[in-house]
Number of protein chains: 2
Amino acid sequence: MQNPTISFELYKIFYHAAATLNFSKAAESMHVTQSAVSQAIKSLETQLGIPLFFRQGRSVSLTHEGEILFAHIEKAFHFIRSAEISMQNIKSLDEGTVFIGASDTITRYFLMDAIKAFHLAYPRVKLSINNRPSPRSVEKLKNGELDLAVINLLPDSDYEGLEGVSLTTLEHIFISSSPVSAVPVTLKTLSQHPLVCLERKSTTRRILEQFFATNEVIWEPAFEFGSFDVILEAVKASMGIGFVPRKIAAALIEAGELSEVTIKEPIPSIEIGIMVNKSKPLSLAAKKYLEILKNTGV
Amino acid sequence: MQNPTISFELYKIFYHAAATLNFSKAAESMHVTQSAVSQAIKSLETQLGIPLFFRQGRSVSLTHEGEILFAHIEKAFHFIRSAEISMQNIKSLDEGTVFIGASDTITRYFLMDAIKAFHLAYPRVKLSINNRPSPRSVEKLKNGELDLAVINLLPDSDYEGLEGVSLTTLEHIFISSSPVSAVPVTLKTLSQHPLVCLERKSTTRRILEQFFATNEVIWEPAFEFGSFDVILEAVKASMGIGFVPRKIAAALIEAGELSEVTIKEPIPSIEIGIMVNKSKPLSLAAKKYLEILKNTGV
DNA sequence: TAATGATATAAGTTTATCTAATCGTAAGTC
DNA sequence: GACTTACGATTAGATAAACTTATATCATTA
């Protein structure tokens, strides 16, 4: 006798009936009639083959077996209630997490304002920022680990299953501690100076290599560092000419601590884009973050 | 927006779907079609207003929110499952408790065999024997604390709401350490001897008092004790003539350690009966115990 | 004794759930 | 690359479950 399992809905009704020990009040609290509760309880008792209540006159009480059942169902009920509260909170942005992938650089220079604004607007929603190089973020996006990723859009990459929009253009410049020339110099001229750049696997480095290759200039970096911070310091210390996104050097150039070295050849720029997984529905929180990110004029 | 609450049944379906991450398999395990699961999940997502799964191609996975929901629902599910297992066990007499009320004396001399037999037959079912005087057992029976009570049936008691059957008749006799007379003596004669009897509130004592009163014989006990064991010892020590249920003295009379003192006047006897609460359904275990009790020739 | 407060029951209706059939799509296979 | 398989979505109609209304029943209380 493989029984057609008992509907969980009956347990909900049982919970209310057992908790109040009054079918009419239980019915009221569930917005149904007393008759419905009465029938549901009867059905549960029949299906279990065990009487759960005993009715004496106008009051009902639990049988011993009913109490055993209630002890279990009560716990189950509370877990379901807390599940529903959790879902409520997620909807009202009172809890939840947005999983974001982005490189260190992008996080620091493009996401920070949005992160701050989001936290101000929805202080209970966590932002889990996964700092990985763009290709890793793309992977994680594809297998659903991330809600969204802000990455360097590379023309030859495989973005199947994803979709996104360009957020901004990342312009690169050369910088030095003091002006090199009043007029733009050629790349060839520039390559005579020691160059300070990011380590090999980075996007910025790839841009740089491609730039030299396209213009058929032989070069070699004098220094390689892991972060733009260190590069800026190195350039300030006159160790050489640096290659960084304009945005990163902007403040220091403004302050007169660094100078831009203009180049005759047009420096390639790259797109920064927001990507999401086409088949993964965006949570409300993620949508809100996206909104803020797009509005926080980058 | 006071929402018509979500059917718990949907959570059951969600549990299976999330646990297998395969709607078809989940459907199979619930003996429904894949379509039903698909629709139920969709309905749950709609009602919650939160996507729970993301479908990419032929595989589904949980969204972050889906995982949060699952974490809760999983626990609830297990509690319900254990509730159902408990109910199963109760039905198969693999667990459960029978609550029985009876006086010490009745328990010892009338229930013990049945208790042993029951325990042998259903070793996992507990017997909770509540040893109280009969009137207390009747009270507890009325308010549902007991499944059944074995009590002295007194003609003037209020057994409303209860029902029961007579189990046996409790015959009382007088006993002494050695034969008093070859022929029955009168109650008056007997009252000349020191009498050893049970304490005032007991049923046996009441019977005795009533017996003397009916026959208009003035008397006073020489000794009052709290249990029949002590009375038997006192009589054996020739401290006086005792008044006890025949059943209790039978073995000792048989062994020649005590003698019955026969009386001219007919000694009243009392009925011992099994009572249950009319409106409280008997558990299967209680039914089985009753059965055994009735068959264990008392 | 009548009124009240509670549950049970019967009949009919509504609603929710399920099935069957079909489609769409990604992933394997030859 | 075409074929096949595995899986989920969708639709429409069928079925069963759940609910409501109305009434009966019963014990308590006024």
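Numbers restart at 1 for each chain; the letters A, B, ... are given by sequence-line order, proteins then strands.
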May I ask you to decide if [Y]'s main-chain N or O and [X]'s side chain share a donor-acceptor pair within less than 3.5 Å?
X        : Y        : result
B/Glu45  : B/Phe53  : yes
A/Lys140 : A/Leu146 : no
A/Asn277 : A/Lys142 : yes

Measure the distance from [atom1] on [X] to [atom2] on [N] and round it to the nearest whole Å.
X       : N      : atom1 : atom2 : value
A/Ile41 : C/dT9  : CD1   : P     : 14 Å
B/Glu28 : D/dA6  : CD    : P     : 13 Å
A/Phe14 : D/dA18 : CZ    : C1'   : 19 Å
B/Leu10 : C/dC18 : CG    : P     : 9 Å
A/Phe54 : C/dA8  : CZ    : P     : 13 Å
A/Glu45 : C/dA8  : CD    : C1'   : 12 Å
A/Met30 : D/dA18 : CE    : C1'   : 12 Å
B/Lys25 : D/dA6  : NZ    : C1'   : 10 Å

I want to check one thing: is the phosphate of [N], taken as OP1 and OP2, less than 4.0 Å away from some side-chain N or O of [X]?
X       : N      : answer
A/Thr33 : D/dC19 : no
A/Asn22 : C/dT7  : yes
B/Ser59 : D/dG8  : no
B/Lys42 : D/dG8  : no

| Using 4.0 Å as the upper bound for N to carboxylate O, is an ion pair formed by A/Glu9 and A/Lys12? | yes

Among [options], which is the nearest nucleotide to the side chain of [X]?
X       : options                : answer
B/Ser38 : C/dT7, C/dA11, D/dA9   : D/dA9
A/Arg55 : C/dC18, D/dA18, C/dA8  : C/dA8
B/Gln39 : D/dC19, D/dA18, D/dT10 : D/dT10
B/Phe23 : C/dT9, C/dA8, D/dG8    : D/dG8
A/Arg58 : D/dA9, C/dA11, D/dT29  : D/dT29

| query | Is the shortest heavy-atom distance from the side chain of B/Ile151 to the side chain of B/Ile274 under 4.5 Å? | reply | no

| query | Pick the nucleotide of DNA chain D nearest each of A/Ser43 and B/Val60; which residue has the one closer to the 5' end? | reply | B/Val60

Using a distance-only criterion (donor-acceptor N/O pair, under 3.5 Å, no hydrogens), is the base of [N] paired with the side chain of [X]?
X       : N      : answer
A/Gln56 : D/dT28 : no
B/Ser35 : D/dT10 : yes
B/Gln34 : D/dA9  : yes

| Going by the angle between their ring planes, with limits at 30° and 60°, are A/Phe79 and B/Phe79 parallel, tilted or perpendicular? | parallel

| Just checking A/Glu9: base, sugar-phosphate only, or nothing, at a heavy-atom cut-off of under 4.0 Å? | nothing

